[in-house]
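Have a look at the structure below, then the notes.
So you know, we letter chains A, B, ... as the sequences are listed, proteins then strands, and number each from 1. Note: hydrogens, waters and symmetry copies are ignored here, and every other heavy atom, side chains too, is used.
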Number of protein chains: 2
Amino acid sequence: MRKATSNLLHTAGHHSWLSEVRCAKYGTASALTKDRYNVQRGNYATLTDRDVSFFEQIVGKSRILTDAADVEPYNADWLHSVKGYSQCVLKPKTTEEVSAILKYCNERLLAVCPQGGNSGLAGGSNPVFDEVVISTSLMNNILGFDSLSGVLSCQAGCILENLETHLEKHGHIMPLDLGAKGSCQIGGNVSTNAGGLRLVRYGSLHGSVLGVEAVLANGDVIDCMSKMKKDNTGYHLKHLFIGSEGTLGLVTKVAINCPVLPKSVNVALLGLESYEKVLETLKTSKRDLGEILSSCEMMDRESLQAVEDNLKLRVPIKDCPFYLLIETSGSNSTHDEEKLAQFLEHALDKNMIIDGTQASEPSRIKQIFELRERLGEGLLRDGFLNTYDLSLGVKDFYSIVPDLRDHLKNFSNVVRVSGFGHLGDGNIHLNVTSKAYSKEILQSIEPFIYEWTAKVGGSVSAEHGIGFKKRDAVHFSKSTRAIELMHQMKKVMDPNGILNPYKVLPELPITN
Amino acid sequence: MRKATSNLLHTAGHHSWLSEVRCAKYGTASALTKDRYNVQRGNYATLTDRDVSFFEQIVGKSRILTDAADVEPYNADWLHSVKGYSQCVLKPKTTEEVSAILKYCNERLLAVCPQGGNSGLAGGSNPVFDEVVISTSLMNNILGFDSLSGVLSCQAGCILENLETHLEKHGHIMPLDLGAKGSCQIGGNVSTNAGGLRLVRYGSLHGSVLGVEAVLANGDVIDCMSKMKKDNTGYHLKHLFIGSEGTLGLVTKVAINCPVLPKSVNVALLGLESYEKVLETLKTSKRDLGEILSSCEMMDRESLQAVEDNLKLRVPIKDCPFYLLIETSGSNSTHDEEKLAQFLEHALDKNMIIDGTQASEPSRIKQIFELRERLGEGLLRDGFLNTYDLSLGVKDFYSIVPDLRDHLKNFSNVVRVSGFGHLGDGNIHLNVTSKAYSKEILQSIEPFIYEWTAKVGGSVSAEHGIGFKKRDAVHFSKSTRAIELMHQMKKVMDPNGILNPYKVLPELPITN
């Protein structure tokens, strides 16, 4: 048991907060998902001792958890927003084991819930009822890296930060970077089409992922593990597994194109007095920094206040309504510094920024990024966190925050309404904190913000996915016909609906 | 008629060779596809006058071609490798017209062949028998461009070069560039997942294309026209239309992420004495040029010889066994020139290159790129061109050329075996020219090169797609189970199989 738990909770460096939060909170009881959200269990079989015996034959006794205490961490998410009551966690090591497990579950009509690092925000990786959890944590082999092409291939359970460390030795980096990198797994990243801090530079996983191996519900293995940058042989099936959150197949292997490790990284934290100035600075940064811009993050004062209040971190510049965190990555430090200096000179000359600080030493960069990466933790420590992840045109990007704040002004139990996010990609994380979970607050936020987003042509889920919590919001961003087609795909690839049920797909017909 | 033909043949600038070749050759009769490749017509309905009357109601008399001479250019490809005998070309202007046409054809069981700029190399956009051609040429409206986000939306029939010209005014460029840009259409680019000269820098269309609208076989419109850089709402359906060559749906609109126009572009043409030197230079260019490298093309002497022999172009450096064309694009000309100078110094110091020339003025750059972009034309003028498009690991990249040359050494009618391509992406274009089409040569090339490619884990179609000519080769790069899943997708989205039949999907069971 200890081994399993420590594996799940493995986090490194400054990301250890995730495990701290988890440890601190697992004592407190969260409501079960089925009660909190009033869901009906599907017509699946219930786990029997015979099933457990069969699983033991596949993975051995050491890689099956059935003790309630061992299973508990897999049942809940770190936000305490969802909680299932699975009684069995399986830890396969190979594609063949996953295939045998799924074949059996499909024939037995046992529902399964694939789980990676369990760092999701939409409840996609936790069972809703008693689904058998298939944890990919032990599928953590790096299969190869070709330094000439920059292509890494690995099993789905490799932790993002471990891959990053491995690549650094070869002079490369992963094309994505997330706050949860110390615990999230590449299979989960791919299954949720994770975005993160570097997307503005290296693009989406649909571009970076070259190959995927996945197991369908009936145990069939779909091998699309191309390591080639270009491969136009038939339909591009791998993209069906990118972002479908384990509902069409369980991702077992990934091949991914990894950029060259930049020789020079610089970071600037800037304070600004209005969103207009933020926009002006964004435009200037794109112009002056061009190809070396690798992150462009915005934070509002309220978000950073949570980090100061709850985590006692210090923001190294003046209090301002808005902050920008700009990162550059390039191959020539002299050139990069010149570009950055020119950008900052323009921004100061035109009174775009009030205050700022700049860093190029790794420890100082880490300190500045910590402010950004620990925002979620800081906000969660207010008590309960409702967090949303919206794509909005850069022009409309921030106005949803004051609008929502105004909309919630009569709720005395709301602690904070804040916004931060990937400005360079038009992706805002919108947050409402309260002392505890409140159904009334939730019902006041949704569908208000979804309608707001749909009105301006945005997306109700930018990078966090749909999971369990947002499936009723999909129709705000996708047409009924498109949703029907998604159901048709599901029917083909998982006819019995055993793969991660209650997730991603809204029920049809759409009623609202 | 004149209008239709001139639209089809519209090419601009130095790409006018495509239309010249076409005009020069349309007099010569090519064999019909059905005879040359011995194909059986599917059980589709045959066009009647009533059908034509119905189509006239949808698109009007002026946008339907039925005269044999008018229809002919749509029946054949520019390589003279395939030729159908369609008797009807429809030119819808709107998604609604496409929808009405497909709904009717689906009910009537009339097969259709969607066609963009007809610049494909795999016979994907020409009818095999008498399919009704749906040309997207008149769906050429640019719908909008947001200069803040860099997102362009347009109809499928916009010509790539016209989009490029439009974007230049706004300080942006298209993320892809092809030799055929003067005639190819963005809908065709997306449907074939075109790669091209800039992929090494801006990545694949799976990353750049943000939104797609497509019409299914039954006329249903799938609207996935997100303009957001991140959108994780449900399954990522748009990727099913990227690269499926109109067999799952007809792409009618596209939204695409467009990079900022570089302020500085530099080009170097280098001569090298061996493939080992090519590899060494590639590594050095990646290291020294880093983020500003935007093209890395390789050409062998035999390829350039064709351009010299047949087009009377002059290569401005010494005769060498290999040539590299390196392009940089950046935001600061001083920095870019410094980087390029450093790279060239390293390459000269280490005796990687024999000779070279460098350009930064647009006219000189164009002159150098012309050598690369007219290779296809130069080779075609030998008589008949068998061209292959393979992804191979950079290490194995070139050895297939001497191997194939040796394999074909007893064919006295082979004029040239040559290789060139996108070295930076591991994508080679392998060419065999002969005075005329020869079945024996074809049968000696295939499956030899496909087996060669499969053995080293490459892809038998990197960027040109499968079309009609390569469907029997898909299994060299994809497993039977993956191909079965492709068929299942096809069945869901086009149950009657009316969309671009005889293309992309190999017949099951796979026999060889």
Taking the side chain as everything from C-beta on, heavy atoms only, tell me whether A/L240 gets closer than 4.5 Å to B/H236.
no

Pick from A/I466, A/V474, A/I483, A/T247: which one makes a side chain to side chain contact (heavy atoms under 4.5 Å, CB included) with B/Y235?
A/T247

Chain B contact via A/L505 - which portion, at a heavy-atom distance below 4.5 Å:
side chain

So, the part of A/M225 with a heavy atom under 4.5 Å from chain B: the answer is neither

At a heavy-atom separation under 4.5 Å, does B/V260 approach chain A through its side chain, its backbone, both, or neither?
neither

Kindly write out the residues that satisfy side chain to side chain contact (heavy atoms under 4.5 Å, CB included) with B/E276, not counting sequence neighbours, or none if the list is empty.
B/S274

Under-4.0 Å salt bridge between A/K478 and B/D231:
yes

Of all the residues in residues 204-213 of chain B, which have a heavy atom that comes within less than 4.5 Å of a heavy atom in chain A?
B/H206, B/G207

Checking A/K263 against chain B: side chain, backbone, both or neither under 4.5 Å from a heavy atom?
side chain

Under the side chain to side chain contact (heavy atoms under 4.5 Å, CB included) test, which residues partner A/S333, sequence neighbours left out?
A/S264, A/E337

side-chain hydrogen bond (donor to acceptor under 3.5 Å, both in side chains) against B/R198, all qualifying residues, sequence neighbours excluded
B/E164

Heavy-atom distance under 4.5 Å to chain B: side chain of A/S226, backbone, both or neither?
neither

Under 4.5 Å from a heavy atom of chain B, the part of A/R287 involved
both

If I measure from the heavy atoms of chain B, does A/I242 come under 4.5 Å with its side chain, its backbone, both, or neither?
backbone

Side chains of B/R481 and A/I222: closer than 4.5 Å at any heavy-atom pair?
yes

Quick one, A/N232 and B/D389 - any side-chain contact, counting heavy atoms below 4.5 Å?
no

With a 4.5 angstrom heavy-atom cut-off, is it the side chain or the backbone of A/N193 that approaches chain B, or both, or neither?
both

